[in-house]
Amino acid sequence: MNFKINMNVEGDTATIRLAGELDGRSAPELNDLVSQAVGRQVAKLVLLLDELTYMSSAGVRCLVFAHQKLPRGSEITLVGTQPEVAETIRLTGFDRSIMMR
């Protein structure tokens with residue numbers, strides 16, 4: 001499945017929907033949107049992952065990048081995380097730094 005991504009910003013919240021596979025080839029697209037969100041001074045980042053079928057270590061690095069770039073005290077929430085993707089995040093221990101619903 002091809003990777004698809006789009007972002008919507010309302011107030012202090014950026015919502016990014018991801019579909020397909022987040023890997024080394026697609027990760028720069030997510031990093032670019034995170035940088036744009038930071039530039040718009042958001043305090044909350046919501047990632048809609050119900051259509052994301054795979055996340056490699058490059059995808060986890062994107063989450064770490066977002067966590068580092070957002071202002072201190074910002075929230076990152078993952079919504080609709082598929083079990084395989086959630087397991088990848090849990091194995092790295094990064095699930096303790098974000099909210100997963």
Side-chain donor-acceptor pairs of residues 8-19 under 3.5 Å, sequence neighbours excluded:
residue: Asn8; atom: ND2; partner: Glu10; partner atom: OE2; Å: 3.1
residue: Arg17; atom: NH1; partner: Asp50; partner atom: OD1; Å: 2.9

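The OG atom of Ser26 sits 8.0 Å away from atom CD of Glu21, with the distance rounded to the nearest 0.5 Å. Atoms CD and OG, on Gln68 and Ser97 in that order, are 10.5 Å from each other to the nearest 0.5 Å. Rounding to the nearest 0.5 Å places CG of Leu30 at 6.0 Å from CZ of Phe3.
Arg96 places a side-chain N or O within donor-acceptor distance of the main-chain N or O of Gly93, the cut-off being under 3.5 Å.
No side-chain heavy atom of Leu22 sits less than 4.5 Å from a side-chain heavy atom of Tyr54. Two residues are said to be in side-chain contact when any heavy atoms from C-beta on lie closer than 4.5 Å; Thr77 and Arg101 meet this criterion.
Pairing each heavy atom of Pro71 with each of Val42, the nearest pair is CD-O, 3.7 Å.
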*Apply the test side chain to side chain contact (heavy atoms under 4.5 Å, CB included) to residues Glu29 and Leu33: give CA-CA distance (whole Å), side-chain angles for both, the deciding distance (0.1 Å), then the verdict.*
CA-CA 6 Å; Glu29 292 180 65; Leu33 285 185; over 6 Å; no
*Would Ile89 and Met55 count as a side chain to side chain contact (heavy atoms under 4.5 Å, CB included) if you check the C-alpha gap in whole Å, the side-chain angles of each, and the deciding distance to 0.1 Å?*
CA-CA 8 Å; Ile89 295 166; Met55 179 184 288; 3.9 Å; yes
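Linking Ile, Leu, Val, Met, Phe, Trp and Tyr whenever their side-chain heavy atoms come within less than 4.5 Å leaves Leu48 and Leu45 in two separate clusters. A single hydrophobic cluster is seen to contain both Met7 and Leu63, as judged by linkage of ILVMFWY side chains at heavy-atom distances under 4.5 Å, directly or through other members. Note on Val64 and Leu78: same hydrophobic cluster, where clusters join Ile, Leu, Val, Met, Phe, Trp and Tyr whose side-chain heavy atoms are under 4.5 Å apart, directly or indirectly. Criterion: ILVMFWY side-chain heavy atoms under 4.5 Å apart, direct or through other members. Under it, Met100 and Leu70 are part of a common hydrophobic cluster. There is a path of hydrophobic side-chain contacts, each under 4.5 Å, that joins Leu52 to Phe94.
Between the side chains of Asp32 and Ser35, no donor-acceptor pair of N or O atoms lies under 3.5 Å.
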